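Quick caveat, the model's predicted, so the values are computed rather than measured.
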Amino acid sequence: MKKRVIRTALTTTRLHLIALAAMLLAGATSATAQNYPPVRTDIQLEETTLPIVFINTLGQEINRDEHISAEMTIVWNDGGLNYSDTLAHPGQHIDYRGHIGIRYRGNSSFSYSAKKPYSIKLLTDSYENGGKKQKASLLGMGEDEDWALLAPYNDRSMIRNTLSMTLAEGYLEFVPKTRFCEVILNGVYYGVHSLTERVRRGADRLNIKKPGDDGDALTGGYILCVDRNDEPLVHESKYHPTNSAGEVFPQTIFIQYTDPSCDELTESQRTYIDRRLDAFEDALASDNFTDESKGYRKHIDVESFIDYQLSTEIANNIDGYRLSTYLYKYRDSVDPRFKMSLWDMDIAWGLAEYENIHTGHMTDVWTYKNNDAGLGTKMPFWFDRLMQDPSYVEQLKARYAEYRTGKYADVTGVVDSLVTLLTSSGAVEREFEAWPRWGEVIYNNWLLAKSYDEEISYLKDFIPKRIAWLDQQLEFNPSGIRHPLNPNDMPAAIYSLSGIRRSRLEPGLNIIRQNDGTSSKIFIKP
């Protein structure tokens, strides 16, 4: 180990110093050398405006299969500088100090990334001493014991996932919060990460009750995920994926049991939720799928599905619909319909040229049609079928207008604010000193940017082009007025976006039903 690395470790907490010294005195192989270290291990973090996360594995190697005991300290002087030398700066705010379980997480984000993401569980003590999971608030996010420490690597802007979640918050019922931080693992600087909430049950996350085995308790709650067949037990859809021409692919769509997990589900719970999934797909595939009482609308929260679709389409998230696609369901007494949440948008916003299929970087394509492009892992038929319902399309357009007059009115402004967080802290320079990768082909990142500024310029060029195309497809005029109402024509009825009848035009979106049976919309600025 280089002397400079040891000096960096000495400026962390006494806990890290003691563990590192014990390893060296014992002559053991350094855990740092085992735990996928950065290209340069001599980068020193002295001060930053981002939170600093110290992790000490106490000489152990992190693995993918199960959590190991470790210890974590988070220094976060909210609104001020954070210092890695906690001895020289003893008055700093310690956001968390205690035991954790840690393992590697992710599929492609692990296999195709030199910098690895982690699953973190907060513990009362080490596993060896009988430690149990405990909840805590981290970096201002809601209390929970289950966290992800994501490692943006393929995305050299480091902001794409955070950008997606920041924009979507307030539209979907639950969107995972995320916070940039800098990580020091076993005394070595590991770069910029994102501490992130997970799509899991919890009072500050998806506030749904655990399911029981009978009655109303059997009906919820469940969290499911469209993903790969890499769990011991998964739900297999009866319907094979199709393309927009109606051609059927032989692949099977798999839906994972996330919470309860496949090894926690009782037989009655699995039978119940499988039947509910089948009923939803049967209704959507039926000839009368648009029927208000017999079709798909009785099975899904349409606005939730629309919100998922819009977040996915605006970002052109090539993994959307087919991977890390979360569904959840309350008990029937609360809400009998499936809803959706977001996860894993790190290769969105023009980044991906996935499996040599040129769609991820395009601005003028529908993401839900990616089965047409021939991606290996297919997506269910759901959204292609939904888009065949004129009523769904009208509701999608109206909701899109709300997005475009709300948080999505200035997406590049949000980009600028996130970039400032990273550049003003010096984190960008440290990241690419530790993990140099400019001009390299990284997994599905076709853009060979030569600098951070070039990467951000590309992103800011992609965004307005993508949004302009969607504006055209979804009939939104950036001036704010869509399909103006002719004052000489008296409409048959006026409705809100949610279908509540109005006696007059009101601020926001109004759906106008004309006497000839056609519909139009008008947006009235507040």
Side-chain angles (χ1 to χ4, degrees), residues 107-109 161 164 168 172 199 223-231 234-258 274 277-278 280-285 289 296 299-302 304-328 338-362 364-389 392-393 396 444 466 470 473:
N107 290 304
S108 58
S109 59
N161 188 70
S164 299
L172 287 95
V199 184
I223 304 176
L224 310 155
C225 187
V226 180
D227 214 306
R228 300 175 176 88
N229 184 22
D230 57 3
E231 293 289 337
V234 296
H235 173 86
E236 296 186 15
S237 172
K238 298 189 302 182
Y239 296 90
H240 292 288
T242 61
N243 61 18
S244 58
E247 298 171 328
V248 178
F249 295 97
Q251 288 92 338
T252 299
I253 299 298
F254 302 105
I255 302 177
Q256 298 180 356
Y257 308 106
T258 300
D274 283 349
L277 288 168
D278 288 343
F280 157 52
E281 291 195 314
D282 288 344
L284 188 60
F289 77 107
Y296 68 86
H299 299 280
I300 68 171
D301 182 326
V302 175
S304 179
F305 274 61
I306 284 174
D307 286 333
Y308 178 88
Q309 183 176 5
L310 288 177
S311 294
T312 300
E313 292 292 342
I314 295 172
N316 192 10
N317 179 24
I318 204 166
D319 277 349
Y321 308 114
R322 65 196 190 98
L323 295 169
S324 301
T325 298
Y326 281 93
L327 301 172
Y328 61 96
F338 287 110
K339 299 186 178 187
M340 301 193 74
S341 186
L342 295 175
W343 184 254
D344 192 17
M345 300 183 72
D346 59 325
I347 60 170
W349 301 102
L351 181 65
E353 185 185 41
Y354 196 75
E355 297 178 0
N356 297 317
I357 305 299
H358 298 261
T359 56
H361 65 289
M362 291 184 176
D364 58 351
V365 294
W366 284 108
T367 313
Y368 79 88
K369 290 182 176 292
N370 270 338
N371 282 350
D372 295 359
L375 289 174
T377 304
K378 306 300 182 187
M379 60 188 69
F381 73 99
W382 303 347
F383 285 89
D384 191 67
R385 183 64 162 166
L386 290 170
M387 291 294 284
Q388 297 172 31
D389 178 10
Y392 179 90
V393 174
L396 179 76
N444 50 20
R466 176 63 174 166
L470 286 169
Q473 299 300 308

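Between the Gln251 side chain and the Thr377 main chain, no donor and acceptor come within less than 3.5 Å of each other. The backbone N or O of Asn317 lies less than 3.5 Å from no partner atom in the side chain of Thr312, so there is not a single donor-acceptor pair. Judged by distance alone, the side chain of Arg466 and the main-chain N or O of His361 form no donor-acceptor pair under 3.5 Å. Without hydrogens or angle criteria, Thr325 side chain to Leu323 main chain gives a donor-acceptor distance under 3.5 Å. Judged purely by atom type and a 3.5 angstrom limit, Asn316 uses its side chain to pair as donor or acceptor with the backbone of Thr359. A donor-acceptor pair under 3.5 Å is formed between the side chain of Asp372 and the backbone N or O of Ser244. At least one donor-acceptor pair under 3.5 Å links the side chain of Asn371 to the backbone N or O of Thr242. Although no hydrogens or angles enter the test, the distance criterion places a donor-acceptor pair under 3.5 Å between the side chain of Gln256 and the main chain of Arg228.
The side chain to side chain contact (heavy atoms under 4.5 Å, CB included) check on Ser341 picks up Phe174, Pro176, Val199, Tyr326, Tyr328, with sequence neighbours excluded. Taking the salt bridge (Lys or Arg N to Asp or Glu O under 4.0 Å) definition, one finds that Asp274 meets it with Arg270, sequence neighbours left out.
Between Leu396 and Gln309 the shortest side-chain heavy-atom distance falls below 4.5 Å. Side-chain contact between Asn229 and Thr252 is absent, with no heavy atoms from C-beta onward closer than 4.5 Å. Contact of the Tyr239 side chain with the Leu284 side chain is not registered, since no non-hydrogen atoms from C-beta on lie closer than 4.5 Å. The shortest side-chain heavy-atom distance between Met340 and Asp307 does not fall under the 4.5 Å cut-off. Ile306 has its side chain within reach of Tyr392: a pair of non-hydrogen atoms, C-beta onward, lies under 4.5 Å apart. Looking at heavy atoms from C-beta onward, Asp227 lies out of side-chain contact with Thr258 at the 4.5 angstrom threshold. Between Leu342 and Ser164, every side-chain heavy-atom pair lies at or beyond the 4.5 Å cut-off.
The two residues Ser311 and Met345 make their nearest non-hydrogen contact at O-CE, 3.5 Å. Heavy atoms only, all atoms of each residue included: Asn370 and Ile318 are closest at ND2-CG1, 3.6 Å.
A distance of 6.5 Å separates CG of Leu470 from CD1 of Ile314, quoted to the nearest 0.5 Å. The CD atom of Glu313 sits 10.0 Å away from the OH atom of Tyr308 when rounded to the nearest 0.5 Å. Rounding to the nearest 0.5 angstrom, the gap separating the NZ atom in Lys369 from the CE atom in Met379 is 11.0 Å. Note that the SG atom of Cys225 and the CD atom of Glu231 stand 9.5 Å from one another [nearest 0.5 Å]. Taking OG of Ser324 as the reference point, atom CG of Asp344 lies at 4.0 Å (rounded to 0.5 Å).
Among Phe381, Phe383, Trp366, the single residue meeting the ring-ring contact (aromatic ring centres under 6.0 Å, His included) criterion with Tyr321 is Phe383.
Between Tyr257 and His235, the two ring planes are perpendicular [angle over 60°; tilted spans 30° to 60°].
In this structure, Arg385 is positioned above the aromatic face of Phe289, its NZ or CZ under 6.0 Å from the six-membered ring centre and within 45° of the axis.
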* To do: Show your working on side-chain contact (heavy atoms from CB on, under 4.5 Å) between Tyr296 and Asp389 and close with a plain yes or no.
  => CA-CA 10 Å; Tyr296 68 86; Asp389 178 10; 2.5 Å; yes

* Between Leu277 and Phe338, is a side-chain contact (heavy atoms from CB on, under 4.5 Å) present by the stated rule, with each step listed? -> CA-CA 9 Å; Leu277 288 168; Phe338 287 110; 3.7 Å; yes

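Taking the six-membered ring for Trp and the full ring otherwise, Trp382 and Phe280 have centroids separated by under 6.0 Å.
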